[in-house]
Amino acid sequence: CPPPGQGAARPPPAAPRRLRAGPLRVHFGEGDLRHLRLEGREVIRRIYGAVRDRNWDTVPGVLSAPRIEDGGGSFRVTFSSEHRLREVHFVWQAEITGRTEGGIRFVFDGEARSTFLRNRIGLCVLHPIPGCAGVPCRARGVDGAERVLCFPEHVAAEQPVAGLHDLAGLAHEVAPGVWAELSFEGDVFETEDQRNWIDASFKTYSTPLRLPFPVEVPAGTRIRQVVQLRLVGPGMPTTDASAGARAAAGQDGAEAPVEGRPLAEIGLGMASHGGPLTPREIEKLARLGLRHLRADVRLARPDWPAALDAAQDQSRALGVPLELAVHLPAAGGALELAALADGLRRRRGGLARLLVLRAGAKSTPAAALRLARTHLGFTEAPLGAGTDADFYQLNQFRPPQAGADFIHWTMNPQVHAFDLASLRETPAAIPAQLASAREHFPRRPLVVSPVTLRPRFNAVATGPEPPVPPGELPPAVDPRQLSLFGAAWTLAVLKHLSEGGAESATLFETTGWRGVMETEQGSPLPDRFPSSPGQLFPLFHAIGAVNGLGGGEVIVTRSSDPLRVESFALTQKGWACLWLANLTGERQA
């Protein structure tokens with residue numbers, strides 16, 4: 001399915017075409033080169049062309065029929081990609097060649113067919129985290145100078161990554177004596193750490209962030225860029241080595257130690273459609289063994305008392321405490337917090353924790369946290385500091401550790417890409433966020449709230465969000481919420497949250513098209529979100545299977561190919577249960 005608001009559903013993509021450029025094996029599909037491997041080791045995760053509008057939304061492309069010339073150990077691919085969304089109309093031609101000595105050349109040659117505002121247009125290269133994090137690299141600047149650096153181990157707050165800017169080339173060692181060297185033409189490139197948004201990659205892209213954006217692109221503007229990859233060094237292989245492939249895939253016979261972690265406390269968010277829960281919905285949700293219900297109270301809105309009443313009613317009906325996200329006004333807030341305190345005293349109810357936020361602030365200011373503790377400390381509920389956006393905002397604008405009982409942020413897999421191949425990469429980036437948060441906020445419990453399939457809002461928009469066209473899904477809704485892939489992705493997320501040491505996680509919502517089950521009224525747009533009234537979505541069962549056991553200890557497991565199959569194991573009272581999640585559309589053995 002296309003992302004919300006992108007027109008009618010398109011046919012599913014064809015299976016990727018497997019090609020070779022000498023010792024390099026690559027996959028071509030949907031206009032991208034993916035998983036460039038040498039002896040089983042992933043060298044480059046993806047090379048692709050991107051069109052980003054003024055709000056950083058990715059404008060999807062419609063490909064002409066690609067022409068593929070496969071020479072066995074070499075190839076040539078050509079196609080045209082047309083990108084149209086609202087005022088944006090951009091078309092580019094691609095020529096991708098793979099050479100027998102292991103070189104690849106990707107040419108992007110495009111033209112604006114309309115006048116529009118853009119933040120970025122051009123080629124991007126993704127570097128895989130397993131082969132790059134903490135690994136030395138050589139950066140060649142546009143001035144010709146070369147710097148020896150390392151890709152960061154922890155998630156980098158500085159964007160672009162320190163030292164990886166004004167690039168004309170970038171290289172890293174992929175095997176003893178073998179380097180993958182990239183060169184860039186047509187613009188100035190730099191590298192960012194995409195783990196800030198649970199993308200499991202570093203991204204090298206064109207148009208430096210230091211330049212003003214958005215920028216007008218007049219109709220007729222031509223943009224041409226070239227990325228070239230070559231393998232160099234005395235250790236260059238001439239054929240695939242199965243032993244190297246097995247070692248790179250983690251199949252060399254070594255066994256990881258069995259470790260134990262507590263299962264994260266799992267809850268749901270209140271439904272954004274605003275409707276109450278019916279007795280039947282409450283009965284079904286009770287099967288999930290929830291630990292809390294998240295509710296948002298925005299004190300700048302006059303209707304916040306009604307929102308609090310509804311939240312308390314639903315938490316009592318479900319028999320779980322509230323995880324209350326308290327959004328203070330952009331300024332002040334003492335009077336509103338005093339009124340909130342009165343409301344909490346009048347209607348006593350359990351509070352799991354309080355997430356303190358300030359409208360307009362990237363993360364919790366110290367003054368807001370102190371003010372909240374002054375008025376809400378009587379509840380004895382933990383007060384947390386963090387962000388209502390991604391780890392990027394937490395990393396860039398770190399809230400005060402002093403006075404915070406825990407640290408919180410949100411996760412979703414579709415800030416940069418929305419195809420299935422990209423989504424299935426994202427759970428593996430979760431441990432890096434947790435480890436980095438623990439580095440910056442030692443001894444503070446880590447709370448991820450909420451996890452959603454789509455961004456709830458655009459945290460980096462430079463202009464107003466466009467209205468949703470009639471008959472289209474809202475931007476925060478994805479029909480894959482009710483898919484089997486949604487269930488597999490959810491299980492992988494639960495695995496990495498628990499194994500990474502998250503204390504608590506809020507997933508999705510209770511009911512509706514952003515929830516774990518459909519309302520009894522059914523989908524407001526059944527043609528676009530084809531659920532049945534009262535339907536339990538597959539991810540309901542993924543959550544219930546894990547959480548319904550009533551606790552236990554997570555056993556750390558490893559998959560030899562986590563982009564295909566993820567594993568999650570839980571032990572309790574002498575027995576163990578193992579779940580496997582197939583993240584592909586193919587049978588796996």
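This is a predicted model, so every value here is computed, not measured.
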Handout entry: D199/S422 under side chain to side chain donor-acceptor pair (under 3.5 Å): CA gap, chis, key distance, verdict
Key = CA-CA 8 Å; D199 296 74; S422 296; over 6 Å; no
Ion pair present between [X] and [Y], side-chain N to carboxylate O less than 4.0 angstrom?
X	Y	answer
D390	R195	no
D478	R454	no
R76	D70	no

Practice task
Take Q393 and R398 through the test side chain to side chain donor-acceptor pair (under 3.5 Å) and record every step on the way to the result.
Solution key: CA-CA 8 Å; Q393 281 74 17; R398 290 177 192 154; over 6 Å; no
Handout entry: Contact check, side chains of F108 and V227, non-hydrogen atoms, under 4.5 Å
Key =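 A side-chain contact is absent here, since even the closest heavy-atom pair is not under 4.5 Å.
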Exercise for the section: Taking the side chain as every heavy atom from C-beta outward, state whether T58 and H416 have any pair of such atoms under 4.5 Å apart. Expected result: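 The answer is no; the side chains never approach within 4.5 Å.
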Practice task
Compute both the distance and the angle, then confirm whether R120 meets the cation-pi test with Y205: under 6.0 Å from the six-membered ring centre, within 45 degrees of the axis.
Solution key: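 Judged by the rule (NZ or CZ under 6.0 Å from the ring centre, within 45° of its axis), R120 counts as positioned above Y205.
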Exercise for the section: Measure from NZ or CZ of R138 to the centre of the six-membered ring of W179 and say whether it is under 6.0 Å with the direction within 45° of the ring axis. Expected result: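 Yes, a cation-pi geometry.
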Exercise for the section: Would you sort out whether S483 and W489 count as a side chain to side chain donor-acceptor pair (under 3.5 Å), showing the intermediate values? Expected result: CA-CA 10 Å; S483 70; W489 184 84; over 6 Å; no
Handout entry: Distance-only donor-acceptor check, side chains S206 and Q225, under 3.5 Å
Key =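 Indeed, the side chains of S206 and Q225 share at least one donor-acceptor pair under 3.5 Å.
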Problem - Euclidean distance, L85 CG relative to F116 CZ, rounded to 0.5 Å - result: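 These two atoms lie 11.0 Å from each other.
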Handout entry: Between CD on residue E42 and CG on residue L563, distance to nearest 0.5 Å
Key =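 Result: 6.5 Å between the selected atoms.
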Practice task
Identify which one of R480, R424, R34 satisfies the salt bridge (charged side-chain N to carboxylate O under 4.0 Å, His left out) criterion when paired with D419.
Solution key: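 The single option meeting the salt bridge (charged side-chain N to carboxylate O under 4.0 Å, His left out) with D419 is R34.
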Practice task
May I ask you to decide if the ring planes of F568 and W579 are parallel, tilted or perpendicular, using 30° and 60° as cut-offs?
Solution key: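 Ring orientation of F568 relative to W579: tilted.
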